[in-house]
Structures are given as structure tokens and as C-alpha cells.
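One structure below.
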Amino acid sequence: MSDRNDPEIEGGTPAPGWPQESAGRLAKLEGLKALGVAPYPNRYERTHGLAEIVESCSGKNAEELEALSPSVRVAGRILTRRDHGKTTFLTLSDGETRLQIYIRQDEVGDRGYGILGFVDLGDFLGVAGRVMRTRKGELSVQAREVAFLSKALLPLPEKWHGLSDVEIRYRQRHVDLIANPQVRATFVRRSAIIAEIRRYFDARSYIEVETPMMQPIPGGAAARPFRTHHNALDLDLYLRIAPELYLKRLVVGGLEKVYEINRNFRNEGVSSQHNPEFTMLEFYTAYADCEDVMRLTENLVAAAASRVAAERTLRYRGRDVSFAVPFARLTMKEAILKAAGERGLRMDEGALDDPNGLDDWVSRELTAASSDSHGQPVDPTAYHGLSHGERLARLFEDLAEGFLWNPTFITDYPVEVSPLAKARPDDARFTERFELYAGAMEVANGFSELNDAIEQRRRFLDQRRAHAEAEGAGRQIDEDYVRALGHGLPPTGGCGLGIDRLVMLLTDAPSIRDVILFPLLRPETGREQEPSS
RNA sequence: AGGCCGUUAGCUCAGUGGUAGAGCUCCUGGCUUUUAACCAGGGAGUCGGGGGUUCGAUCCCCCCACGGCCUACCA
């Protein structure tokens with residue numbers, strides 16, 4: 001009970017490491033108790049949200065409000081305070097909206113006004129009173145009764161500059177949300193975008209499903225997984241890197257239109273575009289192909305964009321991005337040729353079709369002096385030992401990716417980098433696959449799903465061979481998935497879309513950490529630990 | 001994992017090889033329509049941590065921690 005007498009707590013502050021100011025706030029909390037005021041009451045009945053008052057009264061002048069004298073009970077956190085002896089002005093926030101409170105001693109009484117002596121910025125207050133306008137015209141609630149609702153023992157960031165230290169912003173996101181209204185706006189938008197995506201699929205009779213996050217064999221992508229263990233079953237498990245193989249099992253089972261919005265986990269680097277856990281949309285449609293899926297994706301992204309902005313064109317990192325449909329389309333080869341031309345590199349289409357020719361071209365034209373489409377130097381050695389298809393994909397990423405600012409579908413991916421996609425009927429070297437790029441980021445990846453069990457098994461074997469050297473231990477083949485295909489998967493189109501990156505684009509966020517409430521950071525306690533080995 | 005930059009009061013930031021600074025916040029007093037309220041007074045620091053050089057280190061050097069940007073990894 002009485003932690004306050006804990007001998008470990010020094011300097012009269014409520015907890016170790018808390019600022020001196022906390023001791024004063026704690027003393028005020030005790031002062032409230034001495035007055036018979038509960039510092040943490042259980043309930044307060046509000047009649048209006050602050051936004052409702054602002055909306056209904058912002059058009060009314062002082063006289064109109066005086067005549068109406070709307071009676072309200074509101075509540076919120078105190079953000080600013082201006083004391084004038086026997087009157088006090090507070091700015092109250094309910095997270096979304098701010099509204100001024102005007103308190104006069106002669107209205108709330110000595111006891112009510114006395115409570116204010118124990119009230120700090122950050123505390124929660126309930127106020128009953130009437131809506132009015134001050135002499136300076138500010139919409140306010142003039143208090144008749146003040147109820148103390150909750151004590152803040154820690155100070156908030158100051159009112160001018162707010163909070164900008166990114167480390168505190170990510171570690172203590174609650175403070176960020178209080179101090180920076182645009183942060184709240186970003187996450188409200190994120191919610192609206194995801195709601196729009198659900199609405200889009202629900203309206204088209206897709207059913208939303210949830211598939212395993214813990215998988216015995218992590219499949220559907222090529223990333224390194226996180227490992228975990230189930231004790232009772234003594235079973236090694238992996239956090240999923242993609243839901244793909246489970247969703248297609250469902251299509252085999254007759255769920256012809258399915259989607260899932262959920263977390264994926266990839267045990268790889270952290271960057272402004274990568275968080276170890278991120279949110280992915282995947283959707284699958286029986287009897288659809290790559291082309292159908294592209295149209296679905298295009299309309300989905302446009303619908304999400306229209307949900308956050310009236311205009312077709314949004315600003316992203318200082319540049320216009322047009323979400324007008326149809327989106328541009330380029331085959332991977334076209335994109336490479338175009339980007340090479342823009343960089344002043346000489347390349348003819350023939351080289352892209354001829355493995356030896358491309359090998360020659362890379363060693364002749366591509367040097368460490370060449371910069372990629374992000375302005376970074378190219379590493380020519382990264383092209384050594386790659387198959388022709390892998391080399392094409394690498395060239396595309398190096399040369400073209402950074403130029404793809406407006407939403408652009410890249411199509412015709414080489415079969416070597418597309419183990420789950422169906423080959424083109426007219427050219428088996430390429431697949432019916434697309435990726436959507438926007439803001440120089442990959443945001444979606446879709447294809448006609450490979451549904452030939454025998455061919456799928458062979459592709460898995462090829463992959464395992466190709467990656468055996470690179471990864472040491474050979475990757476396990478998901479024979480259970482092959483068996484599911486053995487029961488028959490109808491022609492199916494599917495797509496995965498990175499929700500976080502889409503939200504980045506639609507909220508003009510330069511870092512994925514700006515659209516994930518709690519991005520992964522090293523623990524703060526690491527600071528005090530001794531370095532080990 | 002590598003390179004570069006950063007870490008000073010609760011917040012936002014200056015600063016110097018010689019006892020540590022500002023604004024806001026905070027505390028005390030005053031003020032019954034203010035709003036970056038105002039007026040008067042006051043307090044606040046492990047200068048990220050450890051080691052070294054030096055008579056003396058917040059400053060120079062080394063190591064470490066955390067963060068940012070870039071690279072690597074990422075079908």
C-alpha cells in the first residue's frame with residue numbers, strides 16, 4: 001500500500017529517476033486528500049465532447065450564447081493555465097479538441113476554487129458550467145462546478161516547442177500524442193485507411209480470416225524468421241514472415257475470396273522503411289489472374305487515398321504523387337531500359353534477353369562509379385554468380401526503383417525470383433506477376449498463383465538449391481502446402497500490400513516509425529549495463 | 001554488422017580547458033475576461049556512462065550505451 005515510504009525512493013519523488021517537480025505534485029495530491037477530494041475518482045458523467053461544443057457553438061456570438069447559455073459537463077486534460085487572482089483560465093483537451101475553461105471564484109465557491117491550488121498542468125478535470133464567449137471572443141465553458149478527476153505526477157513537455165526528441169517520442173508515445181497533434185492525426189488516418197480497406201473487400205464479398213502467426217515452416221517470402229519455442233509440445237516454431245501459403249490453403253478449401261490484415265515478422269535490419277514487425281494486407285481471389293488483381297489493387301489504393309484527401313494528388317516528401325487511376329505500367333525490362341537511358345548508360349533490349357550479353361554489359365557499363373536510382377553507389381560484385389533473372393531483378397532495383405514516384409506497376413518478373421507465381425503462357429522465363437511502386441518504395445506484390453503442385457514442388461527444390469550455399473542449412477520444403485495444392489487450387493490471383501508503407505505515402509511520413517505506434521527500439525535499460533565480452 | 005552525426009535542467013536549445021547558461025516549465029507573492037497572460041522574487045544539473053591526458057575536463061583522447069541518417073541484410 002504505502003509505496004511512498006519505500007526506502008528506495010529518494011528525494012521525495014514518487015519513483016526513482018523522476019524529476020524533482022514530481023515531489024511537489026505528490027505533495028499536492030496529498031493536499032487534495034486532506035481537503036477530502038479523491039485524487040482518482042472512478043467516474044465522471046460528461047454531456048458533451050469538446051468537439052461537439054466547438055461544432056455547435058463556433059458560429060454563435062457572445063450575445064447568442066448568452067441567450068442560450070448551453071449547460072454542459074465536459075472533461076479533459078489541462079494543457080495550459082492562466083491565473084488572474086480570483087479567476088483562472090484553463091485549456092482543456094480531450095485528446096482531439098481543445099477548449100478554454102473560465103473559472104471564477106465567486107461562481108465555484110471558495111472550496112471549489114481552493115481545489116485549483118492543488119491542480120497542475122497534465123491533471124484531468126471535469127467541469128460543469130455554461131458555454132460562453134469571453135471579452136476577447138474565445139469560446140469557453142464558464143465553470144459552475146469543478147471536479148478533480150486524475151493527478152499527473154510527471155510534467156508534460158512545455159507549451160512552445162513541445163516534444164521533438166525522437167527517442168522520447170517513440171519510447172513514450174503517450175507523451176508524443178499529447179504534445180504533437182499531428183501525430184494523433186497520422187494514427188487516426190491510419191485507422192481510417194485500414195477501415196477503408198476492410199470496407200472495400202467486405203463490399204466485394206471477401207471474407208476476412210486469420211491464419212497462424214506461429215508456423216513450423218516459415219513460408220511465402222524469403223526473409224529470415226524469428227524463432228520461438230512451444231514448451232508443452234517441445235516444438236520449434238517461427239513467427240510468420242507471410243501468411244501466403246495458409247491463405248491459399250483456404251482457397252483450396254473453397255473460400256474463394258479471402259483477405260487478412262495482420263502482422264508479419266522479419267528478422268532483418270531496421271530502417272526508415274523496415275520495422276521487424278509490420279502490417280500486411282494479403283488477398284486472394286479464385287478465378288482471377290494477375291491482371292484482375294492489378295485492377296483490384298489499383299482501385300483499392302485509389303480508394304484509400306481518397307479516404308484521406310479530396311485531391312488525386314498528394315504530397316510525399318516534398319514531391320507530388322498522383323493517385324489517379326489507371327496507374328502507370330512498365331515491364332521490368334522496360335523499366336530497366338528507361339532508367340538506364342536516363343542515367344546515360346547505353347543498353348539495348350537484346351542485352352536483357354541474352355544472359356551472356358547481360359553479363360558483358362554489367363561488367364562493361366556498371367562500375368562502382370555508377371550511382372543507383374537512390375543516388376548511392378552501385379556494387380558491381382553483387383551481380384556475380386546470379387542467374388539471368390536474378391540479375392535483371394537486381395538491375396531493376398539498382399537503376400529504376402528510386403525513380404518510381406507516382407504509383408507504377410512493374411510487371412513480368414523473372415521466374416527465378418518468383419517461386420510462387422505462375423509462368424507466362426507465352427514465355428516461361430517470366431511470370432504473371434507485378435509489384436506496385438510509389439514514393440520510390442515497394443508497396444505491393446501480386447501474381448497469378450502457381451497452382452500446379454508438381455511445378456511448385458520443383459520450384460521449391462530449385463530455391464533450396466540456389467540458397468543452400470548462401471544460407472548454410474537448406475531451407476525446409478513445405479510439403480504440407482504442396483499436398484494442399486495436390487487437392488487442387490483453382491486459378492487464383494493474390495496480392496500482398498504493405499499497410500505501413502501505404503500509410504507513409506498517404507500521411508507524408510518519411511519514416512515507418514512515424515506510422516507504427518510503438519516501433520522496435522533497444523531497451524532503455526541497456527544504458528546501465530556493463531559491456532559484455 | 002559498417003560509416004557519419006548526436007546525447008547539457010522536466011521540455012526546447014546556447015556554451016567554454018578554470019565554480020554551468022537562456023526561454024518555457026516549476027516554487028513564493030500579487031492580480032475577477034486571459035490566451036506565448038502580466039508584474040516581483042526564487043529554485044532547479046551525474047553536461048549519457050566509464051577510463052585516460054591535464055594542476056584542472058562538460059570541452060581534448062579512448063572504450064561503452066542509446067538515438068538519427070546512410071550502407072549492408074531484405075525474392
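Rounded to an integer number of Å, the gap from CD1 of A:Ile168 to C1' of B:G10 is 9 Å. Rounded to a whole Å, the CD atom of A:Gln142 is 11 Å from the P atom of B:U33. The CZ-P distance, from A:Arg224 to B:A72, rounds to 15 Å in whole Å. For the pair A:Asp83 CG and B:U34 P, the computed distance is 14 Å after rounding to whole Å. At whole-Å resolution of the value, CD in A:Gln20 and P in B:A44 are 10 Å apart. Put simply, CG on A:Asn267 is 12 Å from P on B:A1, counting in whole angstrom units. The distance between atom CG of A:Leu116 and atom P of B:U32, rounded to the nearest whole Å, is 15 Å. Here the C1' atom of nucleotide B:G68 and the CG atom of A:Asp514 are 12 Å apart, to the nearest Å.
The closest side-chain donor-acceptor pair between A:Arg240 and A:Thr211 falls under 3.5 angstrom. Remark: the A:His274 side chain and the A:Ser271 side chain contain an N/O donor-acceptor pair separated by less than 3.5 Å. For the residue pair A:Arg82 / A:Gln100, a side-chain donor-acceptor distance below 3.5 Å is found, with atom types taken as modelled. When only modelled atom types and interatomic distance are considered, A:Thr80 and A:Thr91 share a side-chain donor-acceptor pair under 3.5 Å. Using a 3.5 Å distance cut-off with no hydrogens or angles, the side chains of A:Glu435 and A:Tyr437 do pair a donor with an acceptor. Looking at A:Gln20 and A:Thr13, their side chains never bring a donor and an acceptor atom within 3.5 Å of each other. Between the side chains of A:Tyr170 and A:Asp514, at least one donor N or O sits under 3.5 Å from an acceptor N or O.
With hydrogens and angles left out, the side chain of A:Arg82 and the base of B:U34 share a donor-acceptor pair within 3.5 Å. Not a single donor-acceptor contact under 3.5 angstrom links the side-chain atoms of A:Glu167 to the base of B:U7. Between the side chain of A:Thr134 and the base of B:U34, at least one donor-acceptor pair of N or O atoms lies under 3.5 Å.
Sorted by first then second residue, the salt bridge (charged side-chain N to carboxylate O under 4.0 Å, His left out) pairs that include residues 157-166 of chain A, not counting sequence neighbours, number zero. Residue pairs meeting the ring pair (Phe, Tyr, Trp, His ring centres under 6.0 Å) criterion with at least one partner in residues 99-119 of chain A, sequence neighbours excluded, are A:Phe89-A:Tyr102. Contacts classified as salt bridge (charged side-chain N to carboxylate O under 4.0 Å, His left out) and involving residues 172-182 of chain A (residues at least two apart or in different chains) are given here: A:Arg169-A:Asp176, A:Arg173-A:Asp176.
In terms of the side-chain hydrogen bond (donor to acceptor under 3.5 Å, both in side chains) criterion, residue partners of A:Asp478 (sequence neighbours excluded) are, by chain and number, A:Arg249. Residues passing the salt bridge (Lys or Arg N to Asp or Glu O under 4.0 Å) test with A:Arg394 are A:Asp398, sequence neighbours excluded. With sequence neighbours excluded, no residue forms a side-chain hydrogen bond (donor to acceptor under 3.5 Å, both in side chains) with A:Arg224. For A:Phe283, the ring-ring contact (aromatic ring centres under 6.0 Å, His included) partners two or more places apart in sequence, or in a different chain, are A:Phe201.
Using cut-offs of 30° and 60° on the angle between ring planes, the pair A:Phe265 and A:Phe226 is perpendicular.
Note on A:Gly24: nothing from the nucleic acid sits closer than 4.0 angstrom, heavy atoms only. The residue A:Leu156 sits apart from the nucleic acid: no heavy atom pair falls under 4.0 Å. As judged by a 4.0 angstrom heavy-atom cut-off over every strand, A:Arg513 is placed among residues touching the sugar-phosphate backbone only. A:Arg433 comes within 4.0 angstrom of sugar-phosphate atoms only, judged by non-hydrogen atoms across all strands, and of no base. Contact annotation for A:Leu121: backbone-only contact, meaning every heavy-atom pair under 4.0 Å involves sugar-phosphate atoms and none involves a base. Here A:Ser272 lies in heavy-atom contact (under 4.0 Å) with sugar-phosphate atoms only.
Taking atom P in both B:G52 and B:U58, one finds a spacing of 13 Å when rounded to whole Å. Here, B:A20 and B:C4 have their P atoms 32 Å apart, quoted to the whole Å. For B:G23 and B:C59, the P atoms lie 26 Å apart once the distance is rounded to whole Å. Nucleotides B:A9 and B:C47, compared at atom P, are 10 Å apart to the nearest Å.
Residues from residues 412-422 of chain A with heavy atoms under 4.0 angstrom of RNA chain B, sorted by number: A:Val417, A:Pro419. Contacts of residues 389-402 of chain A with RNA chain B (heavy atom under 4.0 Å): none. For the segment residues 439-461 of chain A, the set of residues with a heavy atom within less than 4.0 Å of an atom of RNA chain B is empty. Listed by residue number, the members of residues 104-114 of chain A with any heavy atom below 4.0 angstrom from RNA chain B are A:Arg104, A:Asp106.
The phosphate of B:U33 has neither OP1 nor OP2 within less than 4.0 Å of any side-chain N or O from A:Lys136. Remark: A:Ser271 is not in phosphate contact with B:C74, judged by side-chain N or O atoms under 4.0 Å from OP1 or OP2. OP1 and OP2 of B:C74 both lie 4.0 Å or more from every side-chain N or O belonging to A:Arg501. Phosphate contact (OP1/OP2 of B:U12, side-chain N/O of A:Ser164, threshold under 4.0 Å): present. Side-chain N/O atoms of A:Lys86 include none lying less than 4.0 angstrom from OP1 or OP2 on B:G30. Side-chain nitrogen and oxygen atoms of A:Arg98 include none within less than 4.0 Å of the OP1 or OP2 phosphate oxygen of B:U35.
In this structure, the separation between CG on A:Asp120 and CZ on A:Arg25 is 4.0 Å, given to the nearest 0.5 Å.
For A:Glu268, the CD atom sits in a packed shell: over 12 heavy atoms of surrounding residues, nucleotides or ligands are nearer than 6.0 Å.
Taking the ring centre of A:Tyr413 as origin, the terminal cationic atom of A:Arg433 falls inside the region bounded by 6.0 Å and 45° from the ring axis.
Applying the Watson-Crick and G-U wobble criteria (two distances, each under 3.5 Å), B:C11 pairs with B:G23. A 3.5 Å limit on both hydrogen-bonding distances identifies B:G68 as the Watson-Crick or G-U partner of B:C4. When Watson-Crick and G-U wobble pairs are counted only if both distances are under 3.5 Å, B:C47 pairs with no nucleotide at all. When both pairing distances are held under 3.5 Å, B:C38 makes a Watson-Crick or G-U pair with B:G30. Remark: B:C55 base-pairs with B:G18; criterion is Watson-Crick or G-U wobble with both hydrogen-bond distances under 3.5 Å.
Contact check on A:Asp83 versus A:Arg81 returns a salt bridge, with a Lys/Arg side-chain nitrogen under 4.0 Å from an Asp/Glu carboxylate oxygen.
For the side-chain contact (heavy atoms from CB on, under 4.5 Å) criterion with A:Lys422, the lone passing option out of A:Asn451, A:Thr431, A:Asp289, A:Asp452 is A:Asn451.
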At a cut-off of 3.5 Å, list every protein nitrogen or oxygen paired with a nitrogen or oxygen from nucleotides 20-24 of chain B, distance to 0.1 Å.
| from | atom 1 | to | atom 2 | distance (Å) |
| --- | --- | --- | --- | --- |
| B:G23 | N2 | A:Glu158 | OE2 | 2.6 |
| B:C24 | O2' | A:Glu158 | OE1 | 3.4 |

